[in-house]
Amino acid sequence: MALTGKKRAFADAVLAGLSNKEAAINAGFSEKTASAAGSRIVKDPDVKAYLDQRRQVPATAGARPPPVPGPADETFDIPPTADPVEFLTNVMNEPAADLRLRIDAAKAMLPFKHKKLGEGGKKDQKADAAKTAGGGKFSPTAPPKLVAAGGKKV
């Protein structure tokens, strides 16, 4: 499983020198369960790999490893708009945005673009059923043609 936002925030706080409990509180976990959450998250394989990768000292002396861009580090320019669907479309189509952010924007936009197959109330279903039931041999006949006045209404 990938590194989530909370796990990344926890790992960054641990790298900054906070204890597991303080890092868990800083990442947004409950203060009551922060100690247990910090202990559990620091053992997570993805967090371990992230911490090991960030703690490695590069070959050049004194240089720090380049920062790995996170969701909060990325900036991109989206023009302001009053239409939420247009805004979500811009976020979804922005190549600089985090993939998870783009997926969430696409999910939020789905109800506006595509109707569910089962949408429609009971009344709509009854009306559709009545239209299809009135066909065949017993369907109402067409009204008579007005031929006395040459087809014009009298």
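- Separation of atoms CG (Leu51) and NZ (Lys48) is listed at 10.0 Å; rounding is to 0.5 Å.
- A pairwise comparison of heavy atoms in Val85 and Lys113 identifies CG1-CE, 3.7 Å as the closest pair.
- The backbone N or O of Tyr50 sits nowhere less than 3.5 Å from a side-chain atom of Gln53 that would complete a donor-acceptor pair.
- Across all non-hydrogen atoms, the minimal contact from Ala105 to Met92 is CB-N, 4.2 Å.
- Interatomic distance, Arg8 CZ to Leu3 CG, rounded to the nearest 0.5 Å: 5.0 Å.
- You'll find the side chain of Phe10 reaches within 4.5 Å of the side chain of Asn20, heavy atoms only.
- Within a 6.0 Å radius of NZ in Lys107, other residues, nucleotides and ligands contribute 12 heavy atoms or fewer.
- Shortest non-hydrogen contact noted between Pro95 and Asn93 is CD-O, 3.2 Å.
- Listed here is the closest heavy atom pair of Ala24 and Ala34: CB-O, 3.5 Å.
- Contact of the Leu101 side chain with the Glu94 side chain is not registered, since no non-hydrogen atoms from C-beta on lie closer than 4.5 Å.
- Cluster annotation: Leu110 and Val91 are assigned to distinct hydrophobic clusters (Ile/Leu/Val/Met/Phe/Trp/Tyr, side-chain heavy-atom contacts under 4.5 Å, transitive).
- Between Ala23 and Leu18, the closest heavy-atom pair is N-CB, 4.1 Å.
- Hydrophobic clustering of Ile, Leu, Val, Met, Phe, Trp and Tyr side chains at less than 4.5 Å, counting indirect connections, unites Phe29 with Val14.
- Between Arg40 and Asp44, the closest side-chain pair of non-hydrogen atoms is not below 4.5 Å.
- Between the Thr33 side chain and the Ala36 main chain, no donor and acceptor come within less than 3.5 Å of each other.
- Note: Asn26 CG to Ser19 OG = 10.5 Å, rounded to the nearest 0.5 Å.
- Minimum interatomic distance between Gly28 and Lys6 (heavy atoms only, all atoms of both residues): O-NZ, 3.6 Å.
- In this structure, the side chains of Asp12 and Arg54 come closer than 4.5 Å at one or more pairs of heavy atoms.
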